[in-house]
Amino acid sequence: MVWAAGIKAPDFLKDFGGLETNRINQLVVKPTLQTTNDEDIFVIGDCASCVQEDGSFVPPRAQSAHQMASRCFSNIVAKITEREMKPYIYKDHGSLVSLSRFSTVGSLMGNLTRGSMMVEGRIARIVYISLYRLHQIALHGYLKTGLIMLVGRINRVLRPNLKLH
Ligand SMILES: Cc1cc2nc3c(=O)[nH]c(=O)nc-3n(C[C@H](O)[C@H](O)[C@H](O)COP(=O)(O)OP(=O)(O)OC[C@H]3O[C@@H](n4cnc5c(N)ncnc54)[C@H](O)[C@@H]3O)c2cc1C
């Protein structure tokens, strides 16, 4: 099954304090992530429409939202301390698609590989699970992530095969 629902920001952003929006209600930002109409407002993630030097738009992905957060933080600090702000440049580290226990495929791009490297099967699955755990650690910390993993293991043994309700 191929799902191609696309993305659209909520309608209330259309008339949000006179800020510039595009046809899918994203707020248009400069490379510094400041809105075009108000330099005191920074926008990051899916609701930001940010154009890159080559004319392409930053894709609405978790890794871009994460990278934008870091650039936004350093730019706000630069603005407060009256230093020069830097443009946000999207770095694609690759993509992974998990099809549960059936398969995992993806491409990795990073410091270790020139261009992209296709991965699939067990290696792709290990990379996917490691990334997932790293995200959990970032959100919940080591202790809680360890407990979540332990409960998951116990549940695998205890969970009934039949769903009652
Ligand atoms: C099914 C699916 C799979 C995806 N898989 C991937 C993937 O494999 N890799 C990848 O890189 N990206 C993936 N993405 C995209 C990724 O999830 C988004 O790009 C990323 O989460 C954007 O981060 P964000 O912080 O901008 O928005 P979000 O993570 O969507 O956070 C927005 C937050 O704002 C809250 N919110 C919304 N409206 C209001 C309101 N009115 N008031 C207060 N709070 C509000 C929401 O509850 C939410 O918590 C996927 C997206 C979907 C839907």
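The first residue of the sequence shown is numbered 1, and numbering continues consecutively from there. Just so you know, ligand 1 is whichever comes first in the structure, and atom 1 is the first atom listed for that ligand.
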Atom 8 (O) of ligand 1: closest protein heavy atom, distance to 0.1 Å, is Leu96 O, 4.3 Å
Flag atom 23 (O) of ligand 1 as yes if some protein heavy-atom distance to it falls below 4.0 Å, otherwise no.
-> yes
Give yes if a backbone or side-chain nitrogen or oxygen of Gly45 is under 3.5 Å from a nitrogen or oxygen of ligand 1, and no if not.
-> no
For Gln63, the ligand 1 atoms whose distance to one of its heavy atoms is below 4.0 Å = 11 (O)
What are the two closest non-hydrogen atoms of Gln26 and Asp46, and how far apart are they?
-> NE2-O, 2.8 Å
Across all chains, not counting sequence neighbours, the side-chain contact (heavy atoms from CB on, under 4.5 Å) partners of Arg61 are Pro59, Gln63, Ser64, Tyr90, Asp92, Ser95
Residue, atom and distance of the protein heavy atom nearest atom 16 (C) of ligand 1 read Ala62 N, 3.7 Å
Please check atom 47 (O) of ligand 1 for a protein heavy-atom neighbour under 4.0 Å.
-> no
Shortest non-hydrogen separation from Leu33 to Cys72 and the atoms involved = CD1-N, 3.9 Å
Might you confirm whether atom CD of Glu120 has over 12 heavy atoms from other residues, nucleotides or ligands at distances under 6.0 Å?
-> no
Keeping the roles fixed (side chain from Gln34, backbone from Glu39), state whether a donor-acceptor pair exists under 3.5 Å.
-> yes
Say whether Ser130 and Arg133, considering side chains only, have a donor N or O and an acceptor N or O under 3.5 Å apart.
-> no
For Phe12, what residues pass the ring-ring contact (aromatic ring centres under 6.0 Å, His included) criterion, not counting sequence neighbours?
-> Phe16
Any protein heavy atom < 4.0 Å from atom 11 (O) of ligand 1 | yes
Less than 4.0 Å between atom 38 (N) of ligand 1 and some protein heavy atom, yes or no?
-> no
Short version for Ala65: what comes under 4.0 Å of ligand 1, heavy atoms counted, is side chain
What one should report as the nearest heavy-atom pair of Asn25 and Leu13 is O-CB, 3.4 Å
Just which atoms of ligand 1 are under 4.0 Å from any heavy atom in Pro60?
-> 15 (C), 19 (O)
Of all the non-hydrogen atoms in the protein, which one sits nearest to atom 53 (C) of ligand 1, and at what distance?
-> Trp3 CH2, 4.6 Å
Give the residue, atom name and distance (to 0.1 Å) of the protein heavy atom nearest atom 26 (O) of ligand 1.
-> Asp46 N, 2.8 Å
Can you find a protein heavy atom closer to atom 32 (C) of ligand 1 than 4.0 Å?
-> no
Within one Ile-Leu-Val-Met-Phe-Trp-Tyr cluster: Leu99 and Ile123, side-chain cutoff 4.5 Å | no
Got a protein heavy atom sitting under 4.0 Å from atom 19 (O) of ligand 1?
-> yes
